[in-house]
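Right, one structure below, let's go through it.
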Amino acid sequence: MESIFDRYGAPVLTLLFIILMVMESRFQLRRRVQHRWKRVIINFAVSIPAFLLLRLMFIPLMVWLALENRGWQIGLTYLLELPAFVEAMATVLLLDYSNYLWHVLLHRLPVLWRFHLVHHTDLDLDVTTAFRFHFGEMIGSVFFRGAAILLIGATPLMVVVYEIAFEAATAFHHSNIKMPLRLERVLNFFIVTPRMHGIHHSIVKRETDSNFAVIFSLWDRLHRTVRLNIPQHEVVIGVPTYHNENELTIRHLLKLPFTKIRPWSGPLKRPSGDGAEGRGQKTL
Ligand SMILES: [Zn+2]
């Protein structure tokens, strides 16, 4: 089953990554504050342990759980016996919902925030931020996401299919691509888009505490955690107490979760207020 990820997922995701990177250069959404290639090196280096764990531990473990579950028959899809297509759609939706909840926990539980913070300290947001995850976050997610796979009763194939979709969506919504606003509005009705996720990476606390969804924007709408009315050029990316470039080296970032975590202190509200539409600044 992992071979599906290697044979189809890896080339598709690599191609998508290259396309997004080229598009970011041509149609830039937010102005960069840090040197682009310096960040590429940092984000890739930080991602190496997490990436190895994903491929060698996370995916095999999740597929193994789903395979074993055929015998255990735990989970919703085993109880309901739905038609195959409906079952596949329900699995994707519920797995995505579980990842919305996991992302909320990453922000709410101090022990998880230690690790997720590494991702949020990026001073710019682009497709390489989609790789910038501390390996500790990957290890922590095994228990939650494993439990979700069992409760949902996801099949091994759907586990791999969802993982590919999850990685593709993560690359897309972190990208710094300026899409035509009308197109992004239509897309955002269904899925998380770059402007929407950009607000989640803002230094303003209440903006970071919104837009947690991964693939479908529906979960933020349902939980009223959606926030779209912030113009992108007003968004300052990062965590206010971790805004010094010299402290964000590869070595520092890998050690960061094991240091004393600084509380968030920064602007509680945007001085210009929300909903800048009236002043001619178009938002989603
Ligand atoms: Zn986050």
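Note that ligands are numbered from 1 as they come in the structure, with each ligand's atoms numbered from 1 the same way.
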* Asked: Rounded to 10 degrees, what angle sits at the Zn ion (ligand 1) between His116 NE2 and His200 NE2?
  ->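 So the angle at the metal works out to 180°.
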* Asked: Taking the six-membered ring for Trp, are Phe212 and His200 parallel (under 30°), tilted (30 to 60°) or perpendicular (over 60°)?
  -> perpendicular
* Test Val63 against every option in Leu61, Ile59, Leu65 by the side chain to side chain contact (heavy atoms under 4.5 Å, CB included) rule and name the one that passes. => Ile59
* To do: For the Zn ion (ligand 1), decide whether His201 has an N, O or S atom at a distance under 2.8 Å.
  =>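 Here the distance criterion (N, O or S atom, under 2.8 Å) is not met by His201, so no.
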* Indicate if the distance from the Zn ion (ligand 1) to the nearest N, O or S atom of His120 falls below 2.8 Å. =>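 For His120, the answer is yes, given that an N, O or S atom comes within less than 2.8 Å of the Zn ion (ligand 1).
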* Name, closest N/O/S atom of His107 to the Zn ion (ligand 1) -> NE2
* Main-chain N/O of Ala169 paired with His173 side-chain donor or acceptor, under 3.5 Å ->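 A pair under 3.5 Å: yes.
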* Asked: Are the charged groups of Glu24 and Arg36 less than 4.0 angstrom apart, N to O?
  ->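 A salt bridge is present here (some side-chain N lies under 4.0 Å from a carboxylate O).
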